[in-house]
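Presented below is the structure to which this report refers.
Just so it is clear: chains get the letters A, B, ... in the order the sequence lines come, proteins before strands, and each one is counted from 1.
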Amino acid sequence: MKQRYNPAEIENKWQRYWEENKVFRAVDFSRKKKFYCLVEFPYPSGDGLHVGHPRSYTALDILARKKRMEGFNVLFPMGFDSFGLPSENYAIKTGIHPSIITKQNIDKFTRQLKSLGFSFDWNRMFSTTDPDYYKWTQWIFTKIFEKGLAYKARIPINWCTSCNIGLANEEVVNGCCERCGREVEKRNIEQWMLRITEYADRLIQDLNDVDFPDKVKNQQINWIGRSEGADVDFNISGHPETITVFTTRPDTLFGATYMVLSPEHELLDTITTEEYRPEVELYKKEASRKSDLERTELSTEKYGIFTGAYAINPVNEENIPIWVADYVLISYGTGAIMAVPAHDLRDFEFAKNFGLPIRCINRPDEKLAQRDGVLVEDVLNGNACWTLDGMLINSTNNKDLDINGLNVEEATKTVTRWLEEKGLGGFAVNYKLRDWVFSRQRYWGEPIPMIYCDDCDWVAVPEKDLPVLLPEVEKYEPTDTGESPLAAIKEWVNTTCPKCGRDAYRETDTMPNWAGSSWYFLRYIDPDNDSEIADLKKMKYWMPVDWYNGGMEHTTLHLLYSRFWNKFLYDCGLVPISEPYKKRTSHGMVLGEGGEKMSKSRGNVINPDDVVREYGADVFRVYEMFIGPFDQAASWDTKGIAGIDRFLNRVWRTIVNNEISDIKLNKEQLHLLHSTIKKVSEDIETLDLNTAISQMMIFTNELRKYKIIPMEMAECFVKILSPFAPHLCEELWETLEHTNSIAYEPWSEYDEELARQDFVTIVIQVNGKVRSQFDIQRDTPDPTVIDAALTDEKIKRYCEEREVKRTIVVKNRLVNIVTD
RNA sequence: GCCCGGGUGGUGGAAUAGGUAGACACAGCAGACUUAAAAUCUGCCGGCUUUUUAAAGCUGUGCCGGUUCGAGUCCGGCCCCGGGUACCA
């Protein structure tokens with residue numbers, strides 16, 4: 001009589017079996033229905049697998065395994081996103097080539113992943129650093145360039161002085177470098193940019209067609225930050241140029257009392273008068289020195305300088321002073337605003353500081369003002385700011401524009417139309433989303449496949465010359481000029497123009513690590529294709545990804561970028577559908593034992609290898625799923641895992657040590673079995689895996705009470721447990737005298753009728769309080785149930801000397817007796 | 001500030017559509033087995049109160065109020081925690 005199973009032994013045995021028999025190969029063009037199940041591939045860090053990784057992989061492995069048993073042809077691939085800084089920084093420290101480190105790390109990850117028994121199709125594995133793969137990453141870039149969506153721009157970018165690297169807006173967290181935490185400053189560098197803004201509207205629109213959590217959709221929509229308004233052209237007194245401003249409130253045009261330019265605005269030098277030039281120059285210098293962090297930190301006190309120039313308000317020809325202030329950003333809208341202090345909080349604050357006029361042109365709606373505790377009088381006098389709806393006043397030029405008496409919406413429409421008619425501006429849309437800074441001045445990334453020729457300008461490297469391989473270098477550090485280490489290799493940099501054959505030089509920037517992950521889901525479909533990114537027919541069979549799970553932290557970066565690339569490829573006719581991911585879910589983080597993030601410095605890191613060694617892979621998998629709701633953060637509990645160890649060993653003992661025979665199931669057994677199959681089947685589809693496991697525990701606790709276990713119960717149960725604990729269940733399946741792998745056994749089915757109970761417990765309430773209960777046949781008619789309730793001994797006591805006014809019956813649940 | 005989540009026993013968490021709050025598990029306590037320990041098995045386990053035990057009553061899902069026969073669940077106001085975003089005109 002064995003007390004415990006030996007995980008090491010059976011896990012080894014079955015992992016070998018799966019590999020040798022190619023059990024989890026996905027078959028292209030199989031007649032079965034396809035299911036493409038995807039998890040975000042990892043960056044293979046030197047630390048090895050984190051316990052957070054298996055949370056995502058196990059959940060979708062369970063889903064993938066269930067789908068196979070349900071007859072789907074499942075594609076569940078794995079690969080590695082291996083370009084990036086950690087390997088490069090390690091190379092700088094040790095002088096070992098990043099490719100060697102990367103290879104070691106991938107080997108380690110692969111071994112760890114295999115030890116957990118995930119049903120990946122390892123045959124399709126690749127790494128973004130494989131030249132066979134990044135050839136096509138580069139090729140896609142050349143397509144983007146050819147379509148005019150990649151361009152070089154000399155713009156102020158975020159520069160981390162510690163990493164010596166340009167950062168995308170998305171990599172700057174609170175004005176600091178996402179990686180090292182160092183403050184970020186501004187620096188002008190020529191960068192390759194991708195016009196993701198061109199796709200902004202579609203990236204919002206098409207969210208309607210996909211099954212993503214609202215949280216994810218909202219975050220993407222907010223990140224893209226579409227806002228509608230109007231562009232308005234202002235003439236400048238004494239200058240031929242005009243300054244265009246973007247406003248979401250064209251209705252407030254009559255309330256504009258000054259204008260503000262960003263310190264980086266191109267017309268600032270032109271319009272500044274001699275008298276104010278020294279001050280403005282000084283202010284510009286100060287502003288350029290400030291980092292984004294400082295700019296936002298100083299946000300409490302708005303500060304600016306008068307330029308001496310005046311703009312002419314197009315609606316009423318009024319001269320308004322032009323100021324410069326860094327609360328106006330060059331990177332949004334036109335870098336210039338019209339200031340309406342009476343109806344914009346920032347302008348109000350600024351006007352207060354500098355004694356600029358505040359002119360109310362919108363009488364607040366009484367109800368709204370009352371709700372917000374604002375006195376209408378104060379707004380009318382310019383002593384308070386009102387940004388909400390109301391009735392327009394003081395808003396006519398006494399000629400062709402009069403919006404007095406209108407509300408905000410009506411006035412906005414009227415003014416916008418007027419601007420369009422007069423040729424002074426009109427409807428405009430702006431986005432918070434910026435174009436994607438695609439250049440990195442680093443070594444360990446895909447070389448951007450571009451060649452510069454004095455005669456032909458930038459020319460894309462032709463397909464036949466791809467990939468542009470990373471050359472060997474001696475030093476991996478970026479140069480002090482901020483250029484990539486590649487710039488120092490003259491024989492690599494100097495080349496000839498693919499167009500005209502004259503001397504030319506290569507781009508030395510490399511791609512960001514978001515590049516390789518922007519299309520990897522396509523490559524899994526056809527990983528060995530050496531003539532195109534992937535075969536269109538195969539993509540038509542497999543795409544879209546049916547279910548994509550990943551971290552919440554990738555919502556605004558990876559998820560948006562890869563949707564963008566896929567849409568671009570779709571527009572080129574290279575992929576079959578516009579939205580790559582049909583359904584998206586996100587897993588919560590796995591925290592350390594105290595609820596804190598796991599980190600070496602805290603010394604609370606759990607190593608999956610240790611857990612597998614002590615308890616086995618199946619216990620590890622089931623524990624990670626039992627730990628809490630899948631989409632929420634969960635903290636590791638070393639004691640909690642013991643409960644799962646007990647559970648799986650109980651399952652083992654129950655089936656191995658008991659008599660199992662082909663006997664008929666009684667009513668309770670039928671109900672237990674069918675309700676369990678139902679619960680587990682449904683919960684897997686919603687990734688409520690903790691409650692699925694809980695139900696299987698209830699089932700096991702019942703089953704082990706039996707003297708003789710019916711074969712049907714044993715078999716059905718082992719099948720539904722098998723996605724969770726695949727090694728154990730393969731072994732048990734063999735014990736139950738089956739010779740095939742359980743992986744493709746048909747999923748246990750349930751009968752809706754049998755899953756329901758024959759007898760139900762009816763609770764009796766008196767005036768809403770539970771007083772008694774009784775069992776009765778399911779679906780007993782109401783009058784019978786009421787009768788039974790009223791004749792209940794305890795209830796009789798409660799109802800003595802009281803009149804029963806009303807009875808409420810909830811079918812199969814309760815009776816509530818209302819007395820006076 | 002704005003946009004999302006979330007506050008349930010000592011702990012992780014359950015609770016379909018407004019219908020028995022605390023499933024399942026961890027920890028704890030008591031017991032069985034054992035020379036002993038581990039493992040395993042059995043029972044108890046929100047708080048307060050009453051009782052002779054079996055039991056019974058009250059109270060209880062962040063706080064205050066409301067709707068309802070009935071609220072963890074719905075509505076209004078507030079507090080706290082987590083995530084995202086931040087002068088976006």
Worksheet item: OH of A:Tyr327 versus C1' of B:C87: gap in Å, rounded?
Response: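 The answer, rounded to whole Å, is 9 Å.
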Fill in: salt bridge (charged side-chain N to carboxylate O under 4.0 Å, His left out) partners of A:Glu685, counting only residues at least two apart
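Per chain and number, A:Glu685 pairs via salt bridge (charged side-chain N to carboxylate O under 4.0 Å, His left out) with A:Lys66, A:Lys67.
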Which residues pass the ring pair (Phe, Tyr, Trp, His ring centres under 6.0 Å) test with [X], sequence neighbours left out?
{"X": "A:Phe254", "value": "none"}
{"X": "A:Tyr623", "value": "A:Trp636"}
{"X": "A:Phe350", "value": "A:Tyr258, A:Trp323, A:Tyr327, A:Phe354"}

Can you check nucleotides 73-78 of chain B for protein contacts, nitrogen or oxygen pairs under 3.5 Å, and list what you find?
none

Worksheet item: Between residues 770-779 of chain A and RNA chain B, which residues have a heavy-atom gap below 4.0 Å?
Response: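 Here the set is A:Val770, A:Arg771, A:Gln773.
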Fill in: Intra- and inter-strand pairs of RNA chain B in dot-bracket (Watson-Crick or G-U wobble, both distances under 3.5 Å; | for another strand)
(((((((..(((......[....))).(((((.......))))).(((((....)))))..(((((..]....))))))))))))....
Using a cut-off of under 3.5 Å, enumerate the N/O to N/O pairs linking the protein to nucleotides 3-12 of chain B.
| from | atom 1 | to | atom 2 | distance (Å) |
| --- | --- | --- | --- | --- |
| B:G12 | O2' | A:Ile627 | O | 2.8 |

Worksheet entry | All side chain to side chain donor-acceptor pair (under 3.5 Å) counterparts of A:Tyr615, not counting sequence neighbours |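 Partners of A:Tyr615 by the side chain to side chain donor-acceptor pair (under 3.5 Å) criterion come out as none, since no residue qualifies.
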Kindly say if [X] contacts the phosphate of [N], meaning a side-chain N or O under 4.0 Å from OP1 or OP2.
{"X": "A:Lys794", "N": "B:G57", "value": "no"}
{"X": "A:Asn816", "N": "B:G19", "value": "no"}
{"X": "A:Arg704", "N": "B:C41", "value": "yes"}
{"X": "A:Arg650", "N": "B:U40", "value": "no"}

Discussion item. When the C1' atoms of B:U50 and B:A32 are compared, how many Å lie between them, rounded to an integer?
Written reply: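 Taking atom C1' in both B:A32 and B:U50, they lie 33 Å apart.
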Worksheet entry | A:Asp782: partners by side-chain contact (heavy atoms from CB on, under 4.5 Å), with sequence neighbours left out |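 A:Val809, A:Lys811.
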Worksheet item: Under the side-chain contact (heavy atoms from CB on, under 4.5 Å) test, which residues partner A:Ala230, sequence neighbours left out?
Response: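 Partners of A:Ala230 by the side-chain contact (heavy atoms from CB on, under 4.5 Å) criterion, ordered by chain and then number, come out as A:Pro250, A:Thr416, A:Leu419.
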Nearest to the side chain of [X], which nucleotide is it out of [options]?
{"X": "A:Lys639", "options": "B:U59, B:C26, B:G19", "answer": "B:C26"}
{"X": "A:Met697", "options": "B:C24, B:G19, B:C87", "answer": "B:C24"}
{"X": "A:Thr691", "options": "B:C24, B:C41, B:A15", "answer": "B:A15"}
{"X": "A:Asn690", "options": "B:C87, B:U85, B:A14", "answer": "B:A14"}

Discussion item. Keeping A:Thr555 on the side-chain end and A:Met552 on the backbone end, is there a donor-acceptor pair under 3.5 Å?
Written reply: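 Between the backbone of A:Met552 and the side chain of A:Thr555 there is a qualifying donor-acceptor contact (under 3.5 Å).
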Discussion item. Once side chain to side chain donor-acceptor pair (under 3.5 Å) is applied, what residue pairs with a partner in residues 763-781 of chain A remain, sequence neighbours excluded?
Written reply: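 Side chain to side chain donor-acceptor pair (under 3.5 Å) check on residues 763-781 of chain A returns A:Thr761-A:Asp775, A:Asn767-A:Thr819, A:Arg771-A:Tyr798, A:Ser772-A:Asp792, A:Asp779-A:Asn812.
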